[in-house]
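Notes to accompany the following structure.
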Protein chains: 2
Amino acid sequence: MIRDKQKTQEKMIAAVGYILARDGFSKFGVNSVSRQAKVDKALIYRYFGGLPGLLRAYGNSIDFWPSLDEIIGDIEVFKQKSIGEKMAELLVQFARAMRRRPMTLEIMAWELVEHNELTQLLADVREQWVEKFFQRFSDEISATNLDIAATSALFGAAINYLLIRGRNTHIFNKIAIDSDLGWQRLEAALTEMCLRCFISA
Amino acid sequence: MIRDKQKTQEKMIAAVGYILARDGFSKFGVNSVSRQAKVDKALIYRYFGGLPGLLRAYGNSIDFWPSLDEIIGDIEVFKQKSIGEKMAELLVQFARAMRRRPMTLEIMAWELVEHNELTQLLADVREQWVEKFFQRFSDEISATNLDIAATSALFGAAINYLLIRGRNTHIFNKIAIDSDLGWQRLEAALTEMCLRCFISA
DNA sequence: TTACAATGTCACTGTGTGGTGACATCATAA
DNA sequence: TTATGATGTCACCACACAGTGACATTGTAA
């Protein structure tokens, strides 16, 4: 017996991550979490008021979304690129950042099936992200005569889908989307597409 | 009481479609299907050997994947287009065809979460589809100096994600992905991207 | 008409789940 | 030392689900 509220809370929050990463959200629940944390499930209700509260606590405990800085890298180098190169770099780095966050991918898959506090949190953070992104690049992109929102929605959707699908599928469209090699090809294709699409008029 | 084996079987198969379309796969099960079909669940086991068998029967009963012909439309008109126009037309028509198949979208969402006979069936059909597609267009596309598989994987993934997401989300990246208006923008962007990317070298 | 097989019905088991109230144990402040 | 509140434990409820064996009803063939 531990008798340390904070520590048991942390154990529960950590268990959420374990379950999501190992079994996915379909196995996620009061019983599985409490089993994993070796803690009585009653404490989930006493300390967090139930699963939603525990989810919220978990959501605040991790960085499930990369910052613009993590994506951009060296700002000086970045500035000197063309708009096509910039977009390519952004998308490639975004994909890599998400590949490092399996739990976020799990939640993104969840998002396609049902709504809960966690998926809502994720959606909110993404909205802010998109907002910042548009503020920063709308001028440059609009010079390319493209529908910014629609085009970036398509690119983002493509990456999201392949990342989510790659969790439990080897091959999609003849590409090994669960391996580094497959993603190298995808990054190359992504880059080529950006260079061809994003050209200032 | 009906006393008509074939008819009750059909009722069960139809119920599968109802449940998938109305509630999604998360509510799908022996009890929900039998309730919907107003049939005793024991018959699912007696006639189909269980849920997987019923799923297989359901899978064989509908066309959940469009044919190449449905996508291409008038072959003569199609032939005269440029490679960029062809790809744009294919992708746009593919998206429209899938929007007409909510149950297929439901199964595609399922595919991102778990494997079963139905998702496997879908995957198999798609593989054949991709195969045919490559046979038909690989020469033309390879003239564009693009990685065919990777590029079409990206386009396909984008469309899949937005379709799946659109089932229960209004807005993605500022686009109303659940409405005709949103899809008009997406189609336009898709077309523009194809025209810029797929150009014979 | 009778016997039988096919069809449909029902009650039941076992398991897993979310959720709750009563109880035991411990640390600490009075 | 004792009383109190915080922490952890446990048994239990109600529900939904998958699955099954015994039974009732019907059509039909002999």
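Only heavy atoms go into these numbers, but all of them, side chains included; no hydrogens, no water, no symmetry mates. Per chain, numbering begins at 1; letters A, B, ... match sequence-line order.
- Within 6.0 Å of NE2 in B:His170 there are 12 or fewer heavy atoms belonging to other residues, nucleotides or ligands.
- Minimum atom distance to the side chain of A:Arg46 is reached by D:dG8, of the listed D:dA18, D:dG8, C:dG18.
- In this structure, the NZ atom of B:Lys7 is 17 Å from the C1' atom of D:dG27, given to the nearest Å.
- B:Lys27 places its NZ atom 11 Å from the P atom of D:dA16, with the value rounded to the nearest Å.
- When the side-chain nitrogen and oxygen atoms of A:Arg35 are compared with OP1 and OP2 of C:dT17, one or more of them lie within a distance under 4.0 Å.
- Put simply, CE on B:Met12 is 10 Å from P on C:dT9, counting in whole angstrom units.
- The phosphate of C:dA6 has neither OP1 nor OP2 within less than 4.0 Å of any side-chain N or O from B:Tyr47.
- One finds a side-chain N or O of A:Thr8 lying less than 4.0 angstrom from the OP1 or OP2 phosphate oxygen of D:dG8.
- Looking at A:Lys5, its side chain has no donor and acceptor atom pair within 3.5 Å of the base of D:dA6.
- For the atom pair B:Lys86 NZ and B:Leu91 CG, the distance stands at 14.0 Å (nearest 0.5 Å).
- Here C:dA6 is the nucleotide among D:dG8, C:dA6, C:dG19 with the atom lying nearest to any side-chain atom of B:Arg3.
- Computed from coordinates, the A:Tyr45 OH to D:dC12 P distance equals 19 Å when rounded to whole Å.
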message: Show, in sequence, the C-alpha distance, side-chain angles and deciding distance for B:Gln128 and B:Lys132, and conclude whether the side-chain contact (heavy atoms from CB on, under 4.5 Å) test is met.
response: CA-CA 6 Å; B:Gln128 296 169 20; B:Lys132 269 193 208 161; 5.9 Å; no
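- A straight line from CD of A:Gln6 to P of C:dA27 spans 17 Å, rounded to a whole angstrom.
- In this structure, CG of B:Asp40 is placed 16 Å from P of D:dC23, rounded to the nearest angstrom.
- A side-chain N or O of A:Glu114 and one of A:Trp110 form a donor-acceptor pair less than 3.5 Å apart.
- Here C:dT7 presents its P atom at 14 Å from CD of B:Glu10, a figure rounded to the nearest Å.
- Among all heavy-atom pairs drawn from A:His115 and B:Asn168, the shortest one is NE2-O, 3.2 Å.
- Whole-Å rounding puts the A:Gln9 CD to D:dA6 P distance at 14 Å.
- Nearest-nucleotide positions on DNA chain C for B:Leu43 and A:Ala42 put B:Leu43 closer to the 5' end.
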